[in-house]
Amino acid sequence: MAIELNITNSAPVFKKKNVAKSSSNSEDFSFKFEKKPTIKATAVVRRRVIPKSKIAQYATSKKPSEPVKLANVNNDDLNLFLNVTSEPVPLQEKKVKLTNRDRMKKKWEEKAQNGPPKPKDRPLTQKEITDGIKEFTAKSKPKVQEKRKHKPANLFIGTEKTEIVGQRFVRPIQEKVFTGAAIDSLDLHPHCVKNLSDLLSIKELTTVQQKAIPKALEGHDILVRSQTGSGKTLAYALPIVQKLQEIRPKLTRDIGIVALVIVPTRELALQTYELFVKLLKPFTWVVPGIITGGEKRKAEKNRLRKGINILIGTPGRLVDHLLHTEMFKLHKLQFLALDEADRLLDMGYERDVRQVVEAIQEHKTKENEEGPIQRLLLSATLTPGVQRLAGLALKDPLFIDNSEEEPQFGPSINDDYDKAIDQAMDQGNLVIPENLKLVYTLVPPKLRLVSLAGVLATEIGKKKMRALVFMSTIEMVNFHHDLMNEALTQKILDEEDEEEESDDESEEPLLKGVRFFKLHGSMTQTERSGVFKAFKESKCGVLLTTDVTGRGIDFPELDLVIQYSPPQKIADFVHRVGRTARAGKSGKAILFLGPSETPFVRKLEDKRIRITQETMESYLNPIKENDGEAHTVQEACSNLQYSFEQLMDDDRELMNKGKKAYVSWLKFYSTFPKDLKPIFNIKAAHMGHYAKSFALKDQPGNFVAKHSEPKALPPTNRLTYTERDPEKLKQQKHEKKRRLTTMVAPGGSRMPKSMSKKPLSLTTSEFDSGLPPLKKKRKN
Ligand SMILES: Nc1ncnc2c1ncn2[C@@H]1O[C@H](COP(=O)(O)OP(=O)(O)OP(=O)(O)O)[C@@H](O)[C@H]1O
């Protein structure tokens with residue numbers, strides 16, 4: 001924030017000796033004017049507007065001739081006052097003698113400029129203060145047009161023309177969400193049925209629940225594949241709850257863990273834990289618990305010591321406790337559920353899951369526990385990895401596929417497991433919910449940023465709804481969050497401001513009333529949980545996020561998903577769009593593609609995903625409507641782009657964030673897997689045009705090297721490539737080293753080095769165990 005005080009007919013004389021420091025965060029200083037000055041204040045507000053209370057405090061200057069005293073001013077505000085644009089008058093100028101004629105002339109000039117002189121020696125009236133504040137506040141929110149120093153260049157010059165691509169005939173794979181069967185048609189405890197109805201308003205079974213729950217209650221191991229939002233969580237949680245509450249004598253805490261649920265992310269773990277808490281309401285003697293990292297090891301140990309019967313956790317932290325927590329025993333385990341199985345693999349957890357599975361058997365053998373373990377594995381997409389994981393974790397499983405492709409596949413629930421899996425894999429079952437409208441829009445790189453603003457304004461600006469925007473890197477999320485918050489929304493500084501409605505239409509921000517949130521793996525667990533909750537509760541919000549929320553997360557009533565960065569795998573596309581249109585509800589998902597990336601649409605169609613085109617132009621109208629001066633949409637978009645760039649010019653921090661985001665995007669864009677590389681081809685991308693989409697005017701060559709530190713890591717096919725901040729990397733390296741020295745192979749020997757190496761595509765900072773590294777033991 002800076003305020004420029006333009007003093008036109010007088011100049012301040014600073015009294016240096018009066019400048020005194022009163023305390024560390026408040027300073028007093030004084031200056032006086034030779035005569036009554038005319039001060040024009042222009043505020044350039046970046047981070048916040050000065051609270052009105054503070055302005056009122058400044059405005060209590062009594063007499064123009066008296067030194068203006070600024071008490072209790074913090075450093076920011078002091079800087080602001082020192083930003084006086086006029087030069088102090090050299091002291092000797094004071095001695096220049098004025099003739100009477102000069103004096104008279106000056107007096108008349110002053111009178112003409114300032115109107116009749118105000119009576120001397122009187123404090124400002126309340127009205128004068130209020131008027132002053134009004135004028136000051138109005139100037140502190142300059143209109144975009146006022147800020148423009150010259151006419152912005154036409155953003156559309158040099159952009160490729162977007163074409164209408166046309167659509168291929170696609171017959172999507174269908175999956176019915178609901179069957180019409182009532183919950184009480186299952187063999188569940190009546191309290192459980194009532195609880196589902198009372199707490200979750202669930203009365204009817206989804207198809208996957210109807211197929212899977214009876215088989216799970218019979219005790220089978222099952223592999224379930226069913227579309228996003230079809231209720232897979234209850235498909236494994238209900239049988240577990242039902243069976244555990246049946247145990248007699250009743251379960252107690254000291255029995256320890258009888259059911260273990262492994263999920264890939266902390267958010268999903270928390271969501272699953274909350275569901276179990278609700279399901280166990282009538283069965284209070286069964287205790288659920290969660291360990292996910294992001295919390296101190298000691299607190300988790302204490303919880304484990306107290307006793308947990310159903311434990312939900314992320315693999316990294318589970319393995320950590322397996323290795324270092326004595327009371328983490330799995331010999332009483334009866335159920336093992338692996339949710340979002342393919343994501344577990346994507347994130348490099350195969351080795352961790354394998355370790356847990358092997359440890360269960362070891363613990364049982366050691367304690368002479370014979371009881372069987374029932375394993376349940378669930379995923380919305382079936383990949384070779386899932387098949388591998390199923391082979392590792394399941395015994396004689398049933399494959400439950402929810403699609404309606406039975407004539408080609410054989411029965412959905414089958415005994416000929418391998419054949420059915422192979423068929424399903426050949427078909428590449430990627431199912432999109434029936435009520436989900438999929439669209440893509442072709443946007444030239446230069447226009448990406450304004451188009452994102454346009455899409456948000458079109459889709460949620462006027463309605464009250466919530467949207468999720470997927471970006472490829474943490475840096476992109478951070479930058480866009482700050483930029484959009486600053487440029488497109490109403491800055492809410494204090495409660496008064498929130499209540500006050502601007503009477504000047506042209507000052508309305510493009511996304512008035514919309515709140516921006518961000519969520520990624522470099523945020524602390526407390527921040528993540530806070531944002532997660534606040535976004536879920538918000539009425540009109542946009543959550544900018546990485547793939548950390550791409551799978552399993554259930555945002556109730558989410559209306560829109562925008563993929564601003566393309567997914568690096570088609571399965572990820574399916575999971576991302578599946579955050580909306582859940583449990584039979586409707587939703588929309590928009591994919592941003594560059595004109596040269598159009599072949600990706602064909603890739604989706606090859607997988608029987610039907611997606612239609614919407615032109616970029618159809619999203620840009622609100623930008624023109626919001627711009628009081630532009631005559632055309634192109635002009636309005638150019639103005640908006642210009643205002644983004646101005647904001648960057650005025651705010652160095654934001655500029656740096658933009659450059660970092662651009663560099664992170666470069667890394668992401670150069671790491672697409674082989675099959676998609678020809679489509680998302682870094683060599684064909686126009687670097688300068690992409691830089692524009694980060695509101696950068698500079699040539700990328702001028703800043704890429706500087707912002708590429710630390711040195712880029714070797715390319716991987718991971719989705720969240722730059723989710724590696726140097727600090728966390730260091731910690732991970734440390735952690736890995738420690739693990740390797742403590743890891744012991746089943747036979748008792750040290751694990752061979754080659755075995756303990758993780759593939760490059762694995763382990764990202766946001767998905768680690770979250771634990772601080774163990775302290776090294778001192779050598780004696
Ligand atoms: N029988 C039901 N009736 C109504 N709503 C249900 C039913 N079962 C589950 N739901 C709701 O549907 C939503 C999605 O459920 P869930 O998260 O289990 O889906 P999922 O299949 O695991 O999705 P994903 O693959 O994305 O993880 C949740 O809000 C859940 O409460």
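Bear in mind the structure is a predicted one, so any value in this text is a computation, not a measurement. First listed ligand is number 1; within each ligand, the first listed atom is number 1. All values below were derived from every heavy atom in this structure, side-chain atoms included, with hydrogens, water molecules and symmetry-related copies excluded.
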Please determine whether a side-chain nitrogen of the Lys or Arg among Arg551 and Asp572 lies less than 4.0 Å from a carboxylate oxygen of the Asp or Glu. yes
Please give me the minimum heavy-atom distance between Phe535 and Arg466, naming the atom from each residue. O-NH1, 3.1 Å
Not counting sequence neighbours, which residues clear salt bridge (charged side-chain N to carboxylate O under 4.0 Å, His left out) with Arg582? List them please. Asp554
Going by ring-ring contact (aromatic ring centres under 6.0 Å, His included), name the residues that satisfy it together with Phe328, two or more places apart in sequence or in a different chain. none
Tell me which residues fall inside the under-4.0 Å heavy-atom shell around ligand 1. Phe178, Ile202, Glu204, Thr206, Gln209, Gln227, Thr228, Gly229, Ser230, Gly231, Lys232, Thr233, Leu234, Glu340, Ala380, Gly552, Asp554, Arg579, Arg582, Ala583
Once ring-ring contact (aromatic ring centres under 6.0 Å, His included) is applied, do any residues pair with Tyr564, and if so which ones, sequence neighbours excluded? His480, Phe592
Arg528 side-chain N/O to Leu519 backbone N/O, donor-acceptor pair under 3.5 Å: no
